[in-house]
Colleague: 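Please see the structure below; I have some questions.
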Amino acid sequence: MNNGSCSAAAAELGERLLDVYQRLYAFYGPQHWWPGDTPFEVIIGAILTQSAAWVNVEKAINNLKAAGALTPTALRAISLEELASLVYPSGYYRAKARKVKAFVQYLGERYSDSLDALFQGEVASLRRELLSVYGIGEETADSILLYAGGKPVFVVDAYTRRIMSRLGLSPPQDTYAHYQAMFHDNLPPDPGLFNEYHALLVQHGKTRCHRRDPLSGGCPLRDMCLYAARLIAPRGPSSG
Ligand code: SF4
């Protein structure tokens, strides 16, 4: 492909990605993410929501609030056992208590508990830093950067991969980095767009584009969907 056809293909991909977004937005409306009163609460929620339904994360967050423990200082002071019991509703509670402890330890040591100072950093180096904290993987780091820090970072999850692959919009390799690059390279770097787009994909994956037996009748993406047209085979259990 020469440079001209490369940029035409990129422009077309950008248009298709925006088309998906606009259809989902028109269908589902604004999603008002992330549910959380403060950026710090958003971060703790991003850690607790790993492998957990949001309704259970809310219970854990409410426990932390009721115990007066939803501050970096209080989370460092509380014992690991007590923290584990407070976050119990979110599942994997011992591991999550350790992860929350690791984050507040890092925030205190490195930024004196200032999220303003944390988010002043350059995005790529801040992302690397977050990934070096125990318990923070790519999806969590990017959720923190986007939803707590307002950075133009696209969050990729199993819903993103499933829906995009069904639409025939998979990147060349099925990795987190390749999916993220597809959005970063073909959409404007707009945190508001990335915020709403990810939330809409989650909504679509949860309510309609199920792993098995998706509700394709009436789907706003149906006419562009290879899966619904039976042009691609269903993916296996790893598709999330
Ligand atoms: S048509 Fe069906 S498989 Fe395709 S995106 Fe919609 S719900 Fe998912």
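Both counts, for ligands and for their atoms, begin at 1 and track the order of listing. Small disclaimer: the values here were computed from a predicted structure and weren't measured.
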Colleague: Which pair of non-hydrogen atoms, one from Gln50 and one from Lys96, has the smallest distance, and what is that distance?
Modeller: O-NZ, 2.7 Å
Colleague: Look at Arg94 together with Glu81 and state whether they make a salt bridge at an N to O cut-off of under 4.0 Å.
Modeller: no
Colleague: For ligand 1, which atoms have a heavy atom of Arg166 less than 4.0 angstrom away?
Modeller: 3 (S)
Colleague: Give the residue and atom name of whichever protein heavy atom lies nearest to atom 5 (S) of ligand 1, and the separation in Å to one decimal.
Modeller: His204 NE2, 3.6 Å
Colleague: Surrounding OH of Tyr92 (heavy atoms of other residues, nucleotides or ligands, distance under 6.0 Å), is the total greater than 12?
Modeller: no
Colleague: Ala228 heavy atoms, cut-off 4.0 Å: which ligand 1 atoms fall inside?
Modeller: 1 (S)
Colleague: At their closest point, which heavy atom of Leu200 faces which heavy atom of Tyr28, and how far apart are they?
Modeller: CD2-CB, 3.8 Å
Colleague: Taking NZ, NE, NH1 and NH2 as the nitrogens, is one of them in Asp19 or Arg23 under 4.0 Å from a carboxylate oxygen of the other?
Modeller: yes
Colleague: What's the shortest distance from atom 4 (Fe) of ligand 1 to any protein heavy atom, and which residue and atom give it?
Modeller: Cys225 SG, 2.3 Å
Colleague: Can you confirm whether more than 12 heavy atoms, excluding those of Tyr88, are under 6.0 Å from its OH atom?
Modeller: no
Colleague: Students should be able to answer this: which protein heavy-atom is nearest to atom 8 (Fe) of ligand 1, and at what distance?
Modeller: Cys209 SG, 2.4 Å
Colleague: How close does the nearest protein non-hydrogen atom get to atom 2 (Fe) of ligand 1, and which residue and atom is it?
Modeller: Ser216 OG, 2.2 Å
Colleague: Within a distance under 4.0 Å of any heavy atom of Tyr227, pick out the atoms of ligand 1 and give their elements.
Modeller: 3 (S)
Colleague: For ligand 1, which atoms have a heavy atom of Arg222 less than 4.0 angstrom away?
Modeller: 1 (S)
Colleague: Kindly say whether the aromatic ring centers of Trp54 and Trp34 come within a distance under 6.0 Å.
Modeller: yes
Colleague: Among protein heavy atoms, which lies nearest atom 6 (Fe) of ligand 1, and at what distance?
Modeller: Cys219 SG, 2.3 Å
